[in-house]
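Okay, so here's the structure we're looking at.
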Amino acid sequence: MDEQNMYQVTIKSEKQETRQYPEGTKFITVAQEFQQYYQDDIVLAVFNNKLRELNRAIPSDGTLQFITTADTKGRKAYRRSMLMVLEKALFHLYHTDVKLHVMHSLGQGQYCELDGVQVTEEMLEQLHKEMLSLVEADIQIRKSTIHTDQAVALFHAYGMQDKEKLFHYRRSSHVNLYEIDGYKDYFYGYMVPSTGYLKYFDLQQYEAGFVLVFPYENTREAAKFSTSKKYYDTLMESAAWARQMKISTIGELNEQIAAGRIQDIILLQEAEMEQRIGKLAEQIANQKNKKFIMIAGPSSSGKTTFSHRLSIQLQAHGMTPHPIGLDNYYVDRVKTPLDENGQYDFECLEAVDIDLFNSDMTKLLNEEQVELPYFNFQTGVREMSGRQLQLGADDVLVIEGIHGLNDKLSYTLPMETKFKIYISALTQINIDEHNAIPTTDGRLIRRIVRDARARGSSAERTIRMWQSVRRGEERNIFPFQDHADVMFNSALIYEMAVLKMYAEPLLFAITPDSPQHLQAKRLLKFLDYFLQVPSEDINKNSILREFIGGSCFHV
């Protein structure tokens, strides 16, 4: 009898150790042994720097780390798997009579709508009960791989045209499917091992649909659901325009590209955006008391280009706009507060000289002359710019910076003189009906491209910094988004098809031994869904030019 192969595995956890496991041992077996050392549930593994599902077998000697529901990757796997349980429950209750549309992230939940049944509290109670029964049954979530042609035929038979179109344009020869008790679907990303892992969720009726609420900081209970009505309305307005264009999914976008209609789409999108900026300028111009246009939004939202385009439209309405960058009001670098890691925290409010900003703005409001400061990023010292400014009756200040919506920044300025704009890139299309595109992915890809072009920064460095950027947004931007008078969506329906040619080489440069390799692989898989579009026909004033270069503005 042959001796069974043994693999030597070094487990990196609170209690790091090396153990021997027989060939065929699954990661879930090791996870169960080490769960006692983790506060949160283990849902994925990283083996030799490759992300693995727990139902996979250990393939060789190597180093193993665990991903829990407190980690970003684990949280995404939990939410993705929870959506499949939702699908399975709906199918069991209504079969093919009901069609699920997974739409946008709202708060710590996923907003969904249904075709074929009215969403009521009673209906959601029944659905919640069905989902709990699937969780209690602890059914394995099985993964299988089929040829892409088979996937296209399968989804055609299921009547899932969105997925049929998606894989019609897919270059990869194989597709991974997931199954819960005979119900199959495709999902963008890894899943938890079984339905028994998915105990914590809630369903709440909201607007025309409902929200599937997930855990967040406390991973063992559904988070308290709260969201911004303005944010929801902005998302729905963008989604409605995408439906009007007949481009609600990547497959539909690829269909338009393949048919040679991308130039018309680019022109229509840019015209629609210019129309929205024009209406916004008209709204500001009609309120004669507005002197401070405060623009804020998360990283890579296109704030700079937007402020230039808004300024042009304000001029067209007879106003004289003056751009002010809040970065020029930074305190000297040596006075910048430190974060919890002892690094300069440039994103906290205290990194800005609030008193000087308010003093200058108050003087300008009183029609006094002010010399504006300039922050020298090379020396880390604030200097005087020599730029003198005095406001007249039709002058307005267009102020761009991450704290623009926080009234603590502009505490001396009368509320009636401020007009606040929140801008973000809120992706208006989905991968397919059941796989939404995370807004943060679109912004990260924008930033990778811009940082490489404008700052000589590698994709590896940009990805490494991204979590810190996101933490700053959570503290300094998102809590104030509902304070805005207007929310503006800067996402372009075609932009990923253009960014693809710039981002892919940068992501491929990240080597397998890098901690950022997993994220790079995931983004490359995402970009692989899109047919490529050349950038030659992109308008010089497009927000996309802020990232790929060639803008007519100084950005």
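Quick note: numbers below take in every heavy atom, side chains included, and nothing from hydrogens, waters or symmetry partners.
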| query | Considering residues, nucleotides and ligands other than Arg461, do more than 12 of their heavy atoms fall under 6.0 Å from its CZ? | reply | no
| field | Check: Ile42 main-chain N/O paired with Gln35 side-chain donor or acceptor under 3.5 Å | value | yes
| Where do Lys143 and Glu53 land on the salt bridge (Lys or Arg N to Asp or Glu O under 4.0 Å) test, with the steps shown first? | CA-CA 10 Å; Lys143 183 178 185 177; Glu53 289 171 317; 3.2 Å; yes
| message | If we count only N and O atoms by modelled type, under 3.5 Å, do the side chains of His517 and Asn49 hold a donor and an acceptor together? | response | no
| request: Would you kindly say whether Thr10 and Thr18 are connected by a side-chain donor-acceptor distance under 3.5 Å? | output: yes
| Does the side chain to side chain donor-acceptor pair (under 3.5 Å) test come out yes or no for Glu221 and Tyr200, once each step is laid out? | CA-CA 5 Å; Glu221 68 176 22; Tyr200 317 107; over 6 Å; no
| message | With a 3.5 Å distance limit and no angle check, can you tell me whether Ser172 reaches the backbone of His174 through a side-chain donor-acceptor pair? | response | yes
| field | Nearest-0.5 Å distance that lies between atom CG in Asp71 and atom CZ in Phe66 | value | 12.5 Å
| said: Please determine whether the number of non-hydrogen atoms from other residues, nucleotides or ligands lying under 6.0 Å from atom CD of Gln39 exceeds 12. | reply: no
| ring-ring contact (aromatic ring centres under 6.0 Å, His included) between Phe530 and Tyr169, worked out | CA-CA 8 Å; Phe530 293 88; Tyr169 297 100; over 10 Å; no
| request: For Asp441 and Arg522, run salt bridge (Lys or Arg N to Asp or Glu O under 4.0 Å): C-alpha distance rounded to whole Å, both residues' side-chain angles, the deciding distance at 0.1 Å, then the answer. | output: CA-CA 10 Å; Asp441 281 356; Arg522 188 182 67 81; 2.8 Å; yes
| Partners meeting side chain to side chain contact (heavy atoms under 4.5 Å, CB included) with Phe508 (sequence neighbours left out) | Glu504, Leu524
| field | Check: Ile11 and Thr63 side chains under 4.5 Å, non-hydrogen atoms | value | no
| side chain to side chain donor-acceptor pair (under 3.5 Å) assessment of Thr69 paired with Asp40 | CA-CA 6 Å; Thr69 49; Asp40 307 286; 4.7 Å; no
| Is there side-chain contact between Met131 and Leu212, with at least one heavy-atom pair below 4.5 Å? | yes
| Side-chain touch Phe34/Glu17, heavy atoms, less than 4.5 angstrom | yes
| field | Lys129, NZ: over 12 other non-hydrogen atoms inside 6.0 angstrom | value | no
| Hey, do the aromatic rings of Tyr111 and Tyr232 have their centres closer than 6.0 Å? | yes
| What's the verdict on ring-ring contact (aromatic ring centres under 6.0 Å, His included) for Phe27 and Phe47, showing C-alpha distance, side-chain angles and the deciding distance? | CA-CA 9 Å; Phe27 290 113; Phe47 187 74; 5.5 Å; yes
| Between Ile141 and Ser81, is any pair of side-chain heavy atoms under 4.5 Å apart? | yes
| Under 3.5 Å, side chain of Thr195 to main-chain N/O of Ile139, donor-acceptor pair present? | yes
| query | Is Asp451 reaching over with its side chain to a backbone N or O of Arg455, donor-acceptor style, under 3.5 angstrom? | reply | no
| field | Modelled atom types, side-chain donor and acceptor of Ser514 and Glu460, under 3.5 Å | value | yes
| query | Taking the side chain from Asn489 and the backbone from Ala491, do they hold a donor-acceptor pair closer than 3.5 Å? | reply | yes
| field | His128 ring center within less than 6.0 Å of Phe201 ring center | value | yes
| Contacts of type side chain to side chain contact (heavy atoms under 4.5 Å, CB included), residue Thr120, not counting sequence neighbours | Gln118, Glu122, Met123
| query | Out of Lys163, Lys165, Arg170, which residue meets the salt bridge (Lys or Arg N to Asp or Glu O under 4.0 Å) rule with Asp432? | reply | Lys163
| field | Thr145 and Asn176: side chain donor to acceptor below 3.5 Å | value | yes
| query | Any Lys/Arg nitrogen of Glu473 or Arg470 sitting under 4.0 Å from an Asp/Glu carboxylate oxygen of the other? | reply | yes
| message | Can a donor-acceptor pair be found, under 3.5 Å and without considering hydrogens, that links the side chain of Gln16 to the backbone of Ser13? | response | no
| query | Residues in side chain to side chain contact (heavy atoms under 4.5 Å, CB included) with Arg75, at least two apart? | reply | Thr72, Arg79, Tyr216
| remark: dist Glu546:CD -> Ser490:OG (nearest 0.5 Å) comes out at 8.5 Å
| field | Heavy-atom neighbours of Arg19 CZ exceed 12 at 6.0 Å | value | yes
| Between CG of Leu44 and OH of Tyr190, what distance do you get to the nearest 0.5 Å? | 9.0 Å
| query | Side-chain donor-acceptor pair under 3.5 Å between Arg447 and Ser299, yes or no? | reply | yes
| query | Is the gap between the ring centers of Phe480 and Phe478 under 6.0 Å? | reply | no
| query | Does any N or O in the side chain of Asp332 come within less than 3.5 Å of the main-chain N or O of Lys335, such that one atom is a donor and the other an acceptor? | reply | no
| said: Do Leu114 and Phe210 make a side-chain contact, defined as non-hydrogen atoms from C-beta onward lying under 4.5 Å apart? | reply: yes
| Mind checking whether Lys199 and Arg220 have side chains closer than 4.5 Å, heavy atoms only? | no
| What distance separates Tyr7 OH from Leu64 CG, expressed to the nearest 0.5 Å? | 14.5 Å
| field | Sub-6.0 Å ring centroid separation between Tyr206 and Phe225 | value | yes
| said: side-chain contact (heavy atoms from CB on, under 4.5 Å), that's the test. Do Glu87 and Val102 meet it? Break it down for me. | reply: CA-CA 10 Å; Glu87 278 187 54; Val102 176; 5.8 Å; no
| Regarding Glu113 and His101, is there a side-chain donor-to-acceptor distance under 3.5 Å anywhere? | no
| Below 4.5 Å, heavy atoms only, C-beta onward: do Asn406 and His483 meet side chain to side chain? | no
| message | Any donor-acceptor pair under 3.5 Å linking the side-chain atoms of Asp162 with those of Thr249? | response | no
| Is the backbone of Ala484 close enough, under 3.5 Å, to the side chain of Lys230 for a donor and an acceptor to pair up by distance? | yes
| query | Is any side-chain N of the basic residue among Asp482 and Lys229 closer than 4.0 Å to the acidic one's carboxylate O? | reply | no
| query | Once you round to the nearest 0.5 Å, how far does CD1 of Ile402 lie from SG of Cys348? | reply | 8.5 Å
| Are any of the side-chain heavy atoms of Leu100 and His434 separated by less than 4.5 Å? | yes
| query | Is the backbone of Pro298 close enough, under 3.5 Å, to the side chain of Lys303 for a donor and an acceptor to pair up by distance? | reply | yes
| Are the charged groups of Arg471 and Glu347 less than 4.0 angstrom apart, N to O? | no
| message | Tell me whether Arg446 contacts the main-chain N or O of Ser300 through its side chain, where contact means a donor paired with an acceptor under 3.5 Å. | response | yes
| field | Neighbour count >12 (heavy atoms, 6.0 Å) for atom CD, Glu217 | value | no
| request: First locate atom NE2 of His104, then atom OH of Tyr231, and finally report the distance between them rounded to the nearest 0.5 Å. | output: 9.0 Å
| request: Would you please classify the geometry between the Tyr529 ring and the Tyr188 ring as parallel, tilted or perpendicular, with 30° and 60° separating the classes? | output: perpendicular
